[in-house]
A.B. asks: 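Quick one: structure below, then a few questions.
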Amino acid sequence: MNTHSEKFELKARLELALTASEKASELIMQHYQSPDLKVDRKSDDSPVTIADRGAEELLRKEITLAFPEDSILGEELPPVEGTNEFKWILDPIDGTKPFTQGVPLFGTLMGLEENGKLVLGVCRFPALNEVVYAIKGEGAWWKIRDQEPRRAQVSDKSQLSESVFCTTTMTRWETIGKQKAYEYFCRNSYLARGWGDCYGHMLVATGRAEVMIDPTLSPWDAAALLPILEEAGGHWIDFDGNPSIYTGNGLAVNAALKDEVLKIIAQ
């Protein structure tokens with residue numbers, strides 16, 4: 001595929017992702033903060049709701065109608081094998097626990113691989129009416145409500161003592177043997193907060209935080225994040241410094257702090 005046709009293919013899929021995620025947001029918000037919301041438990045004891053399942057069904061339907069040859073991997077439903085080089089990786093509600101608690105810091109994630117490389121990411125926050133998105137080579141963008149999109153850019157802070165550190169969960173640091181690193185970040189950052197899941201990663205992508213670390217995650221938690229962070233001038237990497245969504249952990253960090261953060265985690 002030449003560069004021109006490749007960009008056309010990606011831009012067409014970005015438009016699809018922005019439209020589909022907005023439709024999914026409308027569905028999700030019908031259930032948000034509802035007193036009748038029923039929370040089920042999956043085999044791993046993680047929560048799932050009618051909003052999770054319904055939103056993923058909607059996203060899959062929109063993708064299949066527009067691009068029937070694309071593959072699909074999602075959190076809630078079986079994978080679909082396509083016949084071309086594109087694979088969507090979906091998380092209809094990243095942050096189901098906050099969603100079920102009525103907290104607005106959850107997001108709908110759509111990532112796209114082309115020949116195994118992540119080239120597109122959309123992270124939409126239904127309750128906040130914000131979206132952050134990127135395709136390879138076109139920069140990252142942040143749209144708030146009805147405002148014009150603005151560039152999403154990581155900060156240039158180079159001192160941990162001046163930086164905001166976020167994480168999704170505290171207990172899993174101890175589970176993976178990284179409690180010492182977690183305590184170091186808490187003690188030595190300017191501000192340490194549990195603004196977790198995709199929200200924390202997008203804080204880094206938009207320059208409002210410098211470090212966001214997830215001790216454990218799945219590919220659908222991360223696929224949309226990697227291209228956004230890279231196009232915003234930062235990094236989305238695993239604990240070994242590799243830009244991979246398949247190693248079970250990951251972090252978002254600005255360029256200036258990358259090496260220091262990896263050294264702290266390796267302790």
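Quick caveat: nothing in here was measured; it's all calculated off a predicted structure.
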A.B. asks: Hey, are Glu230 and Lys136 close enough for a salt bridge, meaning a charged N less than 4.0 Å from a carboxylate O?
C.D. replies: no
A.B. asks: Just wondering, are more than 12 heavy atoms of other shown residues or ligands nearer than 6.0 Å to CG in Asp44?
C.D. replies: yes
A.B. asks: For the pair Glu56 and Arg60, evaluate salt bridge (Lys or Arg N to Asp or Glu O under 4.0 Å) and give the outcome as yes or no after the intermediate values.
C.D. replies: CA-CA 6 Å; Glu56 184 163 327; Arg60 286 168 176 254; 2.9 Å; yes
A.B. asks: Salt bridge check, Glu113 against Lys117: does any charged N sit closer than 4.0 Å to a carboxylate O?
C.D. replies: no
A.B. asks: Taking only residues two or more places apart in sequence or in another chain, which ones pass side chain to side chain contact (heavy atoms under 4.5 Å, CB included) with Glu138?
C.D. replies: Lys7, Lys11, Ile135
A.B. asks: Mind checking what makes salt bridge (charged side-chain N to carboxylate O under 4.0 Å, His left out) contact with Lys38, not counting sequence neighbours?
C.D. replies: Asp40
A.B. asks: Please report the interatomic distance CD(Glu130) to CZ(Arg145), rounded to the nearest 0.5 Å.
C.D. replies: 6.5 Å
A.B. asks: Ignoring hydrogens and geometry, is there a side-chain-to-backbone donor-acceptor pair from Asn84 to Phe86 under 3.5 Å?
C.D. replies: yes
A.B. asks: To which residues is Ile264 joined in a hydrophobic cluster, defined by side-chain heavy-atom contacts under 4.5 Å among Ile, Leu, Val, Met, Phe, Trp and Tyr, whether direct or through other members?
C.D. replies: Leu160, Phe165, Met170, Trp173, Ile176, Tyr182, Tyr184, Phe185, Val211, Ile213, Ile237, Phe239, Leu251, Val253, Leu257, Val261, Leu262, Ile265
A.B. asks: Answer yes when Arg13 and Asp70 have at least one side-chain N-carboxylate O distance shorter than 4.0 Å, and no when they do not.
C.D. replies: yes
A.B. asks: Tell me who clusters with Leu27, hydrophobic residues only, linked when side chains sit under 4.5 Å apart either directly or through other members.
C.D. replies: Leu58
A.B. asks: Sequence neighbours left out, what passes side chain to side chain contact (heavy atoms under 4.5 Å, CB included) with Pro104? Give chain and number order.
C.D. replies: Tyr32, Ala127, Leu128
A.B. asks: Please determine whether a side-chain nitrogen of the Lys or Arg among Glu75 and Lys42 lies less than 4.0 Å from a carboxylate oxygen of the Asp or Glu.
C.D. replies: yes
A.B. asks: Does the separation of the ring centres of Phe125 and Tyr199 fall below 6.0 angstrom?
C.D. replies: yes
A.B. asks: Salt bridge (charged side-chain N to carboxylate O under 4.0 Å, His left out) with Glu62: which residues, sequence neighbours excluded?
C.D. replies: Lys23
